[in-house]
Amino acid sequence: MDIFHGLNPEQKIAVETTEGPLLVLAGAGSGKTRVIAHRIAHIVRQGTAPDRILAVTFTNKAAGEMRERIHALLGTVDGSGSVPFIGTFHALGIQILRTHGSRIGLSDRFSIADQEDSLKLIKEIMVGRQLDPDIYDPQRFRGIISQLKNEMTPVSQLGAAGFSSPYEEQIAGVYVGYEAALHKMQNCDFDDLLIRPVQLLKDHADVREYWQDKWKYIHIDEYQDTNVAQYQLSRLLSARHHNICVVGDIDQAIYSWRGADWRNILNFERDFEGATVIMLEQNYRSTKVILEAARSVIARNSERKPIALRTDNAEGEKVRIKILEDERKEAAMVVSDIADAIRVGYKHSDIAILFRTNAQSRAIEEALMKRAIPYRLVSGVRFYDRKEVKDVLAYLKRARNPEDGVSERRVLNMPPRGIGKVLLYKYIAGISLSASEQKKIEEFTRIITEISEKFSTTNLPDLITFIIERAGYVTYFSKDAEGKERLANMRELVSVAAKHRDTHAIEIIDDFLQEVELMSDQDLVDTTVDAVHLLTAHAAKGLEFKVVIVTGLEEGLFPHTLAQEEGMIEEERRLFYVAVTRARERIILTLTMRRMMNGEVAFNDPSRFIGEIPEHLVDIIIPEYPSKSYEEETIHYF
DNA sequence: GCCCTCTTGTTCGAT
DNA sequence: ACAAGAGGGC
């Protein structure tokens, strides 16, 4: 297949320019994923071994799609069986740490601590330091520590210039304790998966050379959302071959609150000498109206590099703006709009409902359920975040990594086996135990031993079944309907692992844990299922739908109250831009005059972003309601 | 000392 | 949906 077939001139240059640094400024819907896939295929065709090629994507889902595209272009990659590494920065970090982590005292069996694990650990440390949780909020501590780690501020630098408050000093103390605990328990939090590889590469020349030599061609997608550690990793890895291609769009930078810095794009030409810059300004996704509406809004931002996005697509329908009384009427309108779209031939899977905050999903879900409209909630509490699911994984993690105190504490007394607060404390502190206490602890360690012994004799689904039964969950969860549901969730995990039925657990256990723990919300988007998708504007990044309904366009909600400062409002505007540019054919924006927020009724003004769309592109619809109660009301807005 | 049940608060976005 | 804390039962 011709690698260059169907590419426009700019895309073609991006694919051809394989040597040296390359910056691709890719507007929304300009086919950047396509460019990366074709570029990789081209590099392989030129004779480079696939395993010398690295592609960093924003989500695992994007990585999967990239793999498929490359496969479609090349057929079987090259016969040698070697494949490019395509994955997220976190997956790349894990690969580096599993290979060379021992150089910084990290076991190759290290565990990954998610946000919940991390918070629990920080809480424990704070309790140990007798910090009053009313004055020192563990959540805030976790946030600040994560930010410090993101910025790669070393522990030693804290307080170097003295502390300006006792609060700062406490944070420094907890930070030190937290890092020590993570290390002792052979755990890496999400930040560690990025910063520890950077440290490893910086401090160990041979390790650095190994990876620099290995990755001959590097691709980084969504470069506007890279943080300090990701930026440094990009520089370190590309320092030998200099073949680094980054793709991004400043107008779609929406993760600065997570430490991302879109200035990395502006600085690219300075940081990577001799860089070629290509602009992809042809949009293949949206109608002229949708693109023009989005462009008009984003033009208000001062922090940007203007890009002349254009499209040859049809003019399309006007942007529909609907003003509703409250969130229940808004939800009813969403239902009516879906019915309307289905009537004219759209499928449920063509439609997405976007919102600024997860809390907004509930009212919409209720309305969808009532009308039996199939839907998928993408954000919110996910399957893998469920307590009972994480408990099973904790058994697995503790058996895999004996140092993993985080996971051990999670399930030491789950299901309850008589190990309460007092005994837990004695056990952790190493205080000698009575015979009956000793027996309880031994019961737990025996379960763990039996799990480890099965690693090399049992496959993963059977191992998970064993954990559920041996730990005592079957009895524990047999009492009521809720328990039975939780047990069913646990067994669902067996089905997830079932694709690996033919290998012993030991061979895939780390990959399985990694897959589950780095699962992103977006990875759960599955448009092959015919269902309407409900997701946050953040989670919608990189996706597209024929029909997009953005809800809650009110001051205080979108833009959010907590993002009203200078600079942050521009990020809210970028988020709105991302939301609008997800739409291919039809965009509907809804807002309410009154809404329950944080437990009280709020009367919000329409979002400023609504007013930033040129009038000639919109239809404003204010439905007239029959004076009946909500329940009796029939939907006939048109 | 431990377990269970009930209440209350929660909240911007998420690898 | 979950955590944290209170309070009663064993």
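The chains referred to below are lettered A, B, ... by the order of the sequence lines, with proteins before strands, and numbering in each begins at 1.
You'll find that the side chain of A:Glu116 is closest to C:dA3, out of B:dT11, B:dC12, C:dA3. Of the listed nucleotides (B:dT15, B:dC12, B:dA14), B:dC12 has the atom at the smallest distance from the side chain of A:Met568. Of the candidate nucleotides B:dT11, C:dC2, B:dG13, C:dC2 has the atom lying nearest to any side-chain atom of A:Arg386. For A:Pro416, the listed nucleotide lying nearest its side chain is B:dC4; candidates were B:dT11, B:dC12, B:dC4. Nearest nucleotide to the side chain of A:Arg486, out of B:dA14, B:dC2, C:dC2: C:dC2. Each of B:dT15, B:dC12, B:dC3 was ranked by its minimum atom distance to the side chain of A:Thr357; first place goes to B:dC12. You'll find that the side chain of A:Glu388 is closest to C:dC2, out of B:dG13, C:dA3, C:dC2. Counting only heavy atoms from C-beta on, A:Glu572 has its side chain closest to B:dC12 among C:dA3, B:dT15, B:dC12.
Atom P of nucleotide B:dC3 and atom NZ of A:Lys479 are separated by 11 Å, given to the nearest angstrom. Summarising the geometry, the separation between OH on A:Tyr476 and C1' on B:dC3 is reported as 9 Å, rounded to the nearest angstrom. Remark: P of C:dA4 and NZ of A:Lys123 are 4 Å apart, rounded to the nearest angstrom. The interatomic distance linking A:Gln115 (CD) with B:dC12 (C1') rounds to 13 Å, in whole Å. Nucleotide B:dG1 holds its P atom 12 Å from the CD1 atom of A:Ile431, rounded to whole Å. Protein atom CZ of A:Phe58 is 8 Å distant from nucleotide atom C1' of B:dA14, rounded to whole Å. Taking atom CD1 on A:Ile441 and atom P on B:dG1, their separation rounds to 15 Å, with Å as the unit. Atom P of nucleotide B:dT15 and atom CZ of A:Arg142 are separated by 13 Å, given to the nearest angstrom.
Lacking a ring centre under 5.5 Å from that of the base six-membered ring together with a plane angle below 30°, A:His90 does not count as stacked on B:dT15. You can call A:Trp257 stacked on the base of B:dG13; the centres are under 5.5 Å apart and the planes sit within 30°.
At the heavy-atom level, A:Leu423 lies under 4.0 Å from the strands shown only through sugar-phosphate atoms. Among the protein residues, A:Phe89 comes within range of no part of the nucleic acid, since none of its heavy atoms lies under 4.0 Å from any strand. No contact: A:Asp191 has no heavy atom under 4.0 Å from any strand.
A gap of 14 Å separates the P atoms of C:dG5 and B:dT11, to the nearest Å.
Checking the phosphate oxygens (OP1, OP2) of B:dT11, no side-chain nitrogen or oxygen of A:Arg362 falls inside 4.0 Å. In this model, the phosphate group of B:dT15 is not approached by any side-chain N or O of A:Asn150 to a distance below 4.0 Å at OP1 or OP2. A close approach under 4.0 Å does occur between a side-chain nitrogen or oxygen of A:Thr536 and OP1 or OP2 of B:dA14. A close approach under 4.0 Å does occur between a side-chain nitrogen or oxygen of A:Asn358 and OP1 or OP2 of B:dA14.
Here the options are A:Asp385, A:Asp114, A:Asp117, the test is side chain to side chain donor-acceptor pair (under 3.5 Å), and the partner is A:Lys390; only A:Asp114 passes.
When only modelled atom types and interatomic distance are considered, A:Thr357 and A:Gln360 share a side-chain donor-acceptor pair under 3.5 Å. Between the side chains of A:Glu437 and A:Ser434, a donor-acceptor pair is found at a separation under 3.5 Å. Residues A:Asn301 and A:Tyr577 bring no donor and acceptor atom of their side chains to less than 3.5 Å of each other. Under the 3.5 Å distance criterion, with hydrogens and angles disregarded, no donor-acceptor pair is assigned to the side chains of A:Gln186 and A:Asn401.
Using a 4.0 Å cut-off between charged nitrogen and carboxylate oxygen, A:Glu365 and A:Lys370 do not count as a salt-bridge pair.
Position along DNA chain B of the nearest nucleotide to A:Ala539 versus A:Leu424 favours A:Leu424 as the more 5'-ward residue. Place A:Arg258 and A:Gly420 on DNA chain B by their nearest nucleotides, and A:Gly420 ends up nearer the 5' end.
Between A:Glu571 and A:Arg574, some side-chain heavy-atom pair lies under the 4.5 Å cut-off.
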